[in-house]
There are 2 protein chains.
Amino acid sequence: MNPRGRRPGGADTRTAILEAARGEFAARGYAGASLRGIARAAGVDPRLVHHYFEGGKSALFTEVMAIPLDPAATVAKILQGPPEQIGERIVRTFLTVWDDPQYQPTLVGFIRSVFVDEARMVQVQGYVATDIFGQVIAAHPHARQLPPRERALRAGLIASQMLGLALGRYVVGLPGLVRAPAGTLVERIAPVIQGHLER
Amino acid sequence: MNPRGRRPGGADTRTAILEAARGEFAARGYAGASLRGIARAAGVDPRLVHHYFEGGKSALFTEVMAIPLDPAATVAKILQGPPEQIGERIVRTFLTVWDDPQYQPTLVGFIRSVFVDEARMVQVQGYVATDIFGQVIAAHPHARQLPPRERALRAGLIASQMLGLALGRYVVGLPGLVRAPAGTLVERIAPVIQGHLER
DNA sequence: ATCTTTATTCATCATGTGATGAAATGTATG
DNA sequence: CATACATTTCATCACATGATGAATAAAGAT
């Protein structure tokens, strides 16, 4: 039917696939999205997905989820400044990243995929608990002096707070959270986190 | 190979399937669990799943997720007692239900399935926001007087708090939250919820 | 102008899925 | 004892999935 061979003009197929995949993964999660569906969304033959992403679906997913956002740097930035405003900086940074249309589909896709794959869940668990909020705890003048069990608890409380915010606002779409401007959420949630650090 | 026909002895196949399904749905989510896998886990021919649950996978899922736990009654119970301890009662009730081995697999399965199916997400969104925490807001002497937008925000904040707790403690398994006894979590989280109601 | 590389389409494969029909065999009922 | 019914096994269906091989045409290099 269609003419075979290379298409004229430099249509950036690879990018089209990546973007379609981002959307599909965000909307349906890893298991729910199909190669064919992604190809369809990109207006492209399914075979091309394999052509551009050797390793198929999982390779594509890996590339989609490779967010150009250095968590270590972000954490470092949060840690700068007065410790009594760490909570505010955490929430504000978090919302800024998640509200950014450049990152949002990727992050939503990522967080939805987390609950499907057991291995990924363990990986995230260690990552979030240790690399992100563990760092925050370790840098806080009061919290750093607590016994390990207490530190883990605080990290867990903060992590669950942010997890709930991400899911409520961006995945489930709880109206109260979706409609609220970022500033309002910072105002409400920052003190909670600050409390988990200081009290 | 195996002898056909009705098996001797009163093996309660239906229950076996239900329990296997509960486990599979909890472990893999709705999409991830397969009829054949459930049948295998129950030690039963796949056809029997259709035999006992007319409507197949979705009917089975519906039945599995029909928790014998009346949310309205639970909410009503929470609303009894002094308003200044509503937060505490919410968190305590929540943890009691989720820590109960009778409910836990079902609830975990349910919450994991929520993020896969778009329709289910919308359903839960309305349910959680309106039926559960909307009720709580409506019953609180201070929060009930707030403008609608504020009430929705408070409900969202509380819902996201509990959502994060459920995911952190029971799904992702953040160590700090898993190891903490229920009492400790009540101690930490109840004031936050109370604050969302009163301030 | 020729050759190589890349992009694209088409045609299948093997596998796993949920679903259904039909046969066989036990238990219960008359 | 005979008949009806519920339970179980087997055999497929139709379909979607991810993956791969092969053919073809454009673009780029020499």
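The sequence lines fix the lettering, A, B, ..., with proteins before strands; numbering per chain opens at 1. Just so it is clear, the model here is predicted, and its values are computed rather than measured.
Within the structure, a side-chain polar atom (N or O) of T13(A) is placed less than 4.0 Å from OP1 or OP2 of dT8(C). Residue S34(A) has a polar side-chain atom (N or O) positioned under 4.0 Å from OP1 or OP2 of dT17(D). Here Y52(B) reaches the OP1 or OP2 of dT8(D): one of its side-chain N or O atoms lies under 4.0 Å away.
Atom-to-atom, CG of D45(A) to P of dA23(D) comes out at 17 Å; the value is rounded to the nearest Å. Rounded to whole Å, the distance from CZ on R36(A) to C1' on dA11(C) is 12 Å. In this structure, the CZ atom of F53(A) is 18 Å from the C1' atom of dT20(D), given to the nearest Å.
Separating the CZ atom in F25(B) from the CD1 atom in I38(B) is a distance of 4.0 Å, to the nearest 0.5 Å. Between the CE atom in M162(A) and the OG1 atom in T93(A) there is a gap of 8.5 Å [rounded to 0.5 Å].
Using bins of under 30°, 30° to 60° and over 60° for the plane-to-plane angle, the ring pair H142(B)/H140(B) lands in the perpendicular bin.
Using a 4.0 Å cut-off between charged nitrogen and carboxylate oxygen, R188(A) and E150(B) count as a salt-bridge pair.
Counting non-hydrogen atoms under 4.0 angstrom, L35(B) reaches the backbone sugars and phosphates but no base. When heavy atoms are screened at a 4.0 angstrom cut-off, A33(A) is found touching the sugar-phosphate backbone but no base atom.
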